[in-house]
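Working notes, structure below.
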Amino acid sequence: MRRRSRHRFHDDAAMIEVPRPTLRLRVDAVALSDNWRALDRLSRPGRAGAAIKADCYGLGIDRCLPVLHDAGARDFFVAHWQEVGPALRHIPAAQLSVLHGPLSARDAAYARATGVRPVINSLHQARLWAEAGGGACDLMVDTGINRLGLRPRETGDPAVAALTVHTLMSHLACADEPDSAMNAAQLAAFREVVARVPHREASLASSAGIGLGADYAFDLARPGLALYGGVQHPALAGAISQVAFPEAAIVQVRELEPGETVGYNAAFTARAAMRVGVVSIGYADGVLRCWAGGAFASQGRPLPILGKVSMDMIVIDLAAAPELDEGDWVELPYALAEASRETGLSGYELLTLLGRRFG
Ligand SMILES: *Cc1c(COP(=O)(O)O)cnc(C)c1O
């Protein structure tokens with residue numbers, strides 16, 4: 001017997017029009033595609049891949065990955081095994097590497113079954129991979145950041161000699177500080193490993209490393225942030241465009257009288273009569289309280305944030321845009337360099353914080 005659903009609404013849901021979202025994230029696919037092409041050019045004599053971890057830095061793998069693939073990217077990187085399934089809806093397994101590598105036999109078996117490449121980060125992982133049957137893998141050598149990766153001296157171990165290394169890689173700690181001595185030191189250490197460990201391709205630079213020039217290019221760069229609009233190095237400044245544009249609807253307009261306050265802790269007091277808008281976005285959507293004091297915008301006109309940021313809403317001054325009314329949209333200025341200065345958050349944080357309620 002068919003159980004009657006307690007949630008009758010769901011039975012009928014197909015026939016009901018779903019309300020329109022009151023916040024949206026516009027992803028500029030042309031900018032994303034152009035950014036990849038620019039980074040690919042700047043990666044010569046090598047080429048650019050793409051870091052697509054964390055749901056393409058919060059912008060949505062289903063939206064971004066097909067664009068990157070169409071632009072010409074063929075080498076993709078996720079961090080977690082859970083990120084493999086969503087990526088394989090769009091790209092062949094041979095184009096995907098998993099940066100965290102296998103922590104268990106189960107992870108190694110999953111890599112074998114799907115055909116993605118694990119990035120081997122330790123002798124333990126090298127042995128796990130061999131025990132699972134092995135095959136092409138990538139190898140991360142830690143040349144100084146002291147996160148994931150084997151120490152250079154460990155690469156002489158028989159467990160490493162037994163690997164079939166496709167991409168031999170390392171990761172720079174200070175690439176966004178062009179004058180740091182650490183860059184040259186890591187480059188020298190990586191060159192030494194590249195000369196000694198058999199591999200098909202070598203890869204050192206991520207977004208900021210691409211700005212360090214051809215010495216750091218090797219065969220493959222692994223940009224992430226710069227694809228999505230972050231300028232990590234002055235050399236990239238002219239080449240990279242904004243990709244993410246968060247927008248939210250005004251869900252209520254209010255007229256304040258002089259002396260009235262706005263929001264939690266009455267943090268803003270109106271000095272004169274003013275027209276304000278309640279905007280449908282808040283810290284649950286990634287617009288953290290550090291945005292207080294900043295502004296939304298409409299056609300280039302700033303609409304200052306009044307008082308505190310709430311979970312689901314923010315109140316803004318509509319004085320500069322008197323034509324705006326309930327249901328109209330305003331933009332959160334999200335050019336990453338400026339938004340970073342405004343909030344103290346990095347471009348990485350600004351993108352990956354964006355919540356799940358965007359339509
Ligand atoms: C995240 C990551 C990248 C991409 O870094 P960006 O700074 O976003 O360009 C490249 N390589 C590794 C190993 C990473 O973890």
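Each residue takes its place number in the sequence, starting with 1. All ligand and atom numbering here is 1-based and tracks the order in the structure.
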Residue pairs, two or more places apart or on separate chains, that pass ring pair (Phe, Tyr, Trp, His ring centres under 6.0 Å) and touch residues 45-93: Tyr57-Tyr228, His80-His100
Counting N and O atoms only, with roles assigned by atom type, does the side chain of Arg222 sit under 3.5 Å from a partner on the main chain of Gly49, one being a donor and the other an acceptor? no
Verify, without hydrogens or angle tests, whether Gln186 (side chain) and His171 (backbone) share a donor-acceptor contact under 3.5 angstrom. yes
Besides Val141, the hydrophobic cluster formed by Ile, Leu, Val, Met, Phe, Trp and Tyr side chains linked at under 4.5 Å, directly or via other members, contains Ile120, Leu123, Trp129, Leu139, Leu150, Val160, Leu163, Val165, Leu168, Leu172, Leu187, Phe190, Val193, Val194, Val197, Leu204, Leu212, Tyr216, Phe218
Pairs flagged by salt bridge (charged side-chain N to carboxylate O under 4.0 Å, His left out) wherever residues 37-47 is involved - sequence neighbours left out: Arg47-Asp75, Arg47-Glu201
Which protein residues come within less than 4.0 angstrom of ligand 1, counting heavy atoms only? Ala51, Lys53, Tyr57, Leu99, Met140, Arg147, His171, Ser206, Ser207, Arg222, Pro223, Gly224, Leu225, Tyr348
Cationic N near anionic O, under 4.0 Å, Asp312 to Arg357: yes
